[in-house]
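Here's a structure for you.
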Amino acid sequence: MPSRQQTRKGYADALIELGRTRPDIVVLDADVAKATKTCDFERHHPSRFFNCGAQEQNLLCVAAGLALEGFIPFATTFAIFATTRAADQLRNSIAYPKLNVKVVGTHGGISTGGDGASHQACEDIAMVRALPNMTVLVPGDYEEARQATLAAALYVGPVYLRLGRDSYPIVPELHEGFEIGRAKCLRKGNDLTICTTGIMASEGLVAAVELERHGYQARVLHFPTIKPLDTDALLLAARETRAFVTAEEHSIIGGLGEAVAGFLSENHPAPLRRVGVRDVFGQSGHGNELLDLYGLRAGDIVAQALSLLQSRAVA
Amino acid sequence: MLDASKRHFLQEKARHVRREIVTMVYQARSGHIGGSLSSTEMVVALYHHLMRHDPGNPQMVERDRFVLSKGHCSPVLYAVLADCGYFPSSDLKTFRRPGSHLQGHPYQPKTPGLDASTGTLGLGLSTACGLALAAKLRNSSHKVFALCGDGELQEGQIWEAALFAHKYRLSRLIAFTDRNRLQTDGSTESVMPLDPLPDKWRAFGWNVSVIDGHDFDQIDKAVSQATGQDNRPTMIIANTIKGRGVSFMENVAEWHGNPPNAEQYSRASAELGSDEPRV
């Protein structure tokens with residue numbers, strides 16, 4: 001097994017698998033099929049693949065029409081186009097009538113890299129999370145992306161599946177028990193809880209090891225589903241640990257961090273710090289450089305955790 | 001050519017539907033009268049003559065589909081669906097009221113007989129493309145109709161759909177443009193010119209016909225000619241009069257989205273006639 005792999009490849013592999021057994025699965029793309037990897041599905045199932053060209057808005061509404069007729073469309077493009085570009089179509093044609101469309105955005109987050117801020121979707125989760133009826137999935141590695149795709153196909157209702165561009169570390173802890181709406185406890189600990197989503201799972205695990213050297217046992221709670229949020233797991237963590245650090249490759253506004261903070265402050269207030277993109281646009285660079293530059297690393301989680309644990313509020 | 005009794009039947013249906021439209025918008029104190037009145041003959045012709053459908057079985061697989069892309073003209077569609085028996089005509093009183101299944105813009109999960117939800121402009125023609133593509137994938141022979149507003153054609157997404165329908169040879173997609181030449185802020189040609197409109201659709205690879213959208217014979221002929229033609233989608237550009245049927249509303253842009261007051265409602269009702277027999 002490689003040590004790194006693309007999440008979009010996990011998606012593409014699952015699609016081919018689904019295409020074999022499910023004649024109702026159709027895939028649409030908007031002239032980025034080579035990048036999203038839906039070209040793999042096209043190769044295996046050409047009669048059920050539709051390239052809409054560079055028209056993301058039409059793409060989502062055509063998908064809505066197909067869903068009305070009982071097909072399960074995977075409407076695929078870059079995350080920035082699937083959400084901010086086609087926001088009205090996602091809201092009014094898919095979320096509002098609760099149609100069984102799977103909207104898939106690859107190249108999510110700042111690690112999209114060289115294309116720069118215009119193509120780095122760091123607000124997509126916030127936007128989609130705010131829409132009623134939507135389920136939001138953000139898997140953390142190749143295998144979890146594969147499982148999330150299979151689960152999305154079985155689930156009846158609109159789903160936003162957010163994937164990345166780069167090759168990200170394979171995290172064996174993610175590979176069991178994917179269930180929509182369920183968080184995964186990747187590591188046990190009772191001093192603090194690190195909540196991760198997407199590719200930050202691996203950073204959260206590295207951070208937990210580092211925190212152990214400082215004498216703290218961190219629980220790592222991974223959320224491949226951001227909506228609906230696994231509030232049971234959160235409540236348990238709030239009772240059993242003293243503090244929270246959230247980590248996501250997304251703006252600190254509107255993503256996992258705010259979802260967790262919102263739930264906790266209403267139900268079991270706990271000290272919390274957010275690791276994420278701090279309300280700024282990104283810039284061009286290699287994905288890994290940008291994760292460093294925008295504070296999305298294990299070290300950033302550790303710094304926030306230590307500052308929180310050593311502050312008066314948590315002592 | 002329609003026979004005389006069919007033509008008369010449709011004309012009476014149109015008169016009834018116009019009365020319902022004006023009443024709904026008056027009672028709701030909001031809604032879009034002008035474009036509902038201009039598209040009345042098209043919607044009446046579809047549901048009472050041209051479309052295969054069954055109000056007793058709204059989900060019938062072989063039914064023809066209809067998408068009201070200009071979703072703000074929901075009053076005309078609701079009035080026709082009620083008249084067909086998809087739901088009681090008394091429901092029309094609840095239009096735009098809390099708890100009603102008759103939302104300001106069509107919401108398919110709630111209203112019996114709707115084939116798609118529409119609302120913000122430009123979405124419906126794409127959705128109709130999806131319906132037509134699904135029919136093609138299943139080798140179904142049913143047709144998919146869509147009705148666009150002329151102002152709506154200013155939305156870029158309409159032209160995305162135009163490209164798409166041509167690429168995928170959606171020959172069973174038959175769209176109308178309600179060419180009443182008025183939009184919220186005034187004449188389409190002053191707000192954002194659309195002419196020469198038939199040329200634009202032809203250039204996108206569609207079959208195009210231009211008709212009088214208030215003439216049932218012309219609507220019938222245009223649709224009959226459209227079906228099964230040479231792998232191309234069809235656009236029927238229907239020249240109409242916004243506010244048609246109520247003299248003081250005709251060709252007045254202000255009646256795009258304003259409700260009548262009590263006095264105006266009573267004048268409109270008088271002009272549209274009353275107590276016509278319900279068939």
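Letters A, B, ... mirror the listed sequences (proteins, then strands); counts begin at 1. Everything numeric here is computed off the predicted structure, so don't read it as measured data. Quick note: numbers below take in every heavy atom, side chains included, and nothing from hydrogens, waters or symmetry partners.
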### Query
In terms of heavy-atom pairs under 4.5 Å, which option from Ile158(B), Val144(B), Leu163(B), Leu137(B) contacts chain A the most?
Leu137(B)
### Task
Evaluate whether atom CE of Met192(B) has more than 12 neighbouring non-hydrogen atoms of other residues, nucleotides or ligands under 6.0 angstrom away.
no
### Task
Kindly check if the number of other-residue, nucleotide or ligand heavy atoms within 6.0 Å of CZ (Arg97(B)) is above 12?
no
### Task
Mind checking side-chain contact (heavy atoms from CB on, under 4.5 Å) for Pro88(B) and listing every partner two or more places apart, or none if nothing turns up?
Ser90(B), Asp91(B)
Can you list every donor-acceptor pair under 3.5 Å that links chain B to chain A?
{"from": "Arg65(B)", "atom 1": "NE", "to": "Glu69(A)", "atom 2": "OE2", "distance (Å)": "2.8"}
{"from": "Arg65(B)", "atom 1": "NH2", "to": "Glu69(A)", "atom 2": "OE1", "distance (Å)": "2.7"}
{"from": "Arg65(B)", "atom 1": "NH2", "to": "Glu69(A)", "atom 2": "OE2", "distance (Å)": "3.3"}
{"from": "Tyr107(B)", "atom 1": "OH", "to": "Tyr96(A)", "atom 2": "O", "distance (Å)": "2.7"}
{"from": "Thr120(B)", "atom 1": "OG1", "to": "Asp88(A)", "atom 2": "OD1", "distance (Å)": "3.0"}
{"from": "Thr120(B)", "atom 1": "OG1", "to": "Asp88(A)", "atom 2": "OD2", "distance (Å)": "2.7"}
{"from": "Thr120(B)", "atom 1": "OG1", "to": "Asn92(A)", "atom 2": "ND2", "distance (Å)": "3.3"}
{"from": "Ser126(B)", "atom 1": "OG", "to": "Asn58(A)", "atom 2": "OD1", "distance (Å)": "2.5"}
{"from": "Arg138(B)", "atom 1": "NH1", "to": "Glu69(A)", "atom 2": "O", "distance (Å)": "2.6"}
{"from": "Arg138(B)", "atom 1": "NH2", "to": "Glu69(A)", "atom 2": "O", "distance (Å)": "3.2"}
{"from": "Gln157(B)", "atom 1": "OE1", "to": "Gln89(A)", "atom 2": "NE2", "distance (Å)": "2.7"}
{"from": "Gln157(B)", "atom 1": "NE2", "to": "Gln57(A)", "atom 2": "O", "distance (Å)": "3.3"}
{"from": "Glu160(B)", "atom 1": "O", "to": "Gln55(A)", "atom 2": "NE2", "distance (Å)": "3.1"}
{"from": "Glu160(B)", "atom 1": "OE1", "to": "Asn58(A)", "atom 2": "N", "distance (Å)": "2.8"}
{"from": "Lys167(B)", "atom 1": "NZ", "to": "Asn51(A)", "atom 2": "O", "distance (Å)": "2.7"}
{"from": "Tyr168(B)", "atom 1": "OH", "to": "Asn51(A)", "atom 2": "N", "distance (Å)": "3.0"}
{"from": "Tyr168(B)", "atom 1": "OH", "to": "Asn51(A)", "atom 2": "O", "distance (Å)": "3.4"}

### Query
Looking at residues at least two apart in the chain, or sitting in another chain, which of them share a side-chain contact (heavy atoms from CB on, under 4.5 Å) with Ile252(A)?
Arg274(A), Arg278(A)
### Message
I'd like to check the side-chain contact (heavy atoms from CB on, under 4.5 Å) partners of Pro132(A); sequence neighbours left out, ordered by chain and number.
### Response
none
### Task
Take Leu131(B) and Leu66(A), measure what side chain to side chain contact (heavy atoms under 4.5 Å, CB included) needs, and give me the verdict at the end.
CA-CA 6 Å; Leu131(B) 298 179; Leu66(A) 287 162; over 6 Å; no
